[in-house]
Amino acid sequence: MMRIKADTDLCVGSGQCVLTEPAVFDQDDDGIVVLLTDHPEDRSAAQARHAVTLCPSRALSVLQE
């Protein structure tokens, strides 16, 4: 099973993750990433994986459980 991890200390608030998969990612009032789910499924999983590759600060990662 895939799990998304977000390091809010590294996040710079670019919003690429939210633009790529808004069903998984959101931003707080300061623009920092918020995970709506850490175990996306189906299409959301593929899009979330892509969002991880787009993160300019490398605040996102994919873990296999």
Side-chain angles (χ1 to χ4, degrees):
M1 176 181 282
M2 178 179 110
R3 183 168 69 95
I4 300 291
K5 181 181 174 202
D7 185 336
T8 56
D9 291 331
L10 292 178
C11 181
V12 296
S14 73
Q16 293 302 306
C17 55
V18 179
L19 293 172
T20 304
E21 187 47 75
V24 175
F25 305 100
D26 199 357
Q27 290 175 291
D28 67 14
D29 291 338
D30 294 321
I32 303 301
V33 65
V34 174
L35 289 177
L36 301 176
T37 179
D38 62 351
H39 289 93
E41 296 180 6
D42 302 324
R43 182 185 175 281
S44 287
Q47 288 297 101
R49 188 180 297 276
H50 181 61
V52 169
T53 68
L54 297 176
C55 181
S57 65
R58 302 293 178 227
L60 302 173
S61 56
V62 175
L63 305 170
Q64 293 298 325
E65 298 181 328

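The basis for the numbers below is simple: all heavy atoms, side chains too, and nothing from hydrogens, waters or symmetry mates.
Although no hydrogens or angles enter the test, the distance criterion places a donor-acceptor pair under 3.5 Å between the side chain of Q47 and the main chain of T20. Between the D28 side chain and the D30 main chain, a donor and an acceptor come within less than 3.5 Å of each other. Of the possible donor and acceptor atoms, none in the side chain of R58 sits under 3.5 Å from a partner among the backbone N and O of C11. When atom types are taken as modelled, the side chain of D42 and the backbone of S44 share no donor-acceptor pair closer than 3.5 angstrom.
In plain terms, the two heavy atoms of I4 and F25 that are nearest each other are CG2-CE2, 3.9 Å. When all heavy atoms of A23 and T37 are compared, the closest pair comes out as O-CG2, 4.2 Å. Closest approach of P56 to V12, counting heavy atoms only: CG-CG2, 4.4 Å.
In this structure, E21 CD and L54 CG are separated by 12.0 Å, a value rounded to the nearest 0.5 Å. Separating the CD atom in E65 from the CG atom in D38 is a distance of 7.5 Å, to the nearest 0.5 Å. To the nearest 0.5 Å, atom CD1 of residue I32 and atom CG of residue D7 are 10.0 Å apart.
Of the candidates V34, L60, L35, C17 forms a side chain to side chain contact (heavy atoms under 4.5 Å, CB included) with just one, namely L60.
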Note to self: Show, in sequence, the C-alpha distance, side-chain angles and deciding distance for M2 and H39, and conclude whether the side chain to side chain contact (heavy atoms under 4.5 Å, CB included) test is met.
What the structure shows: CA-CA 6 Å; M2 178 179 110; H39 289 93; over 6 Å; no
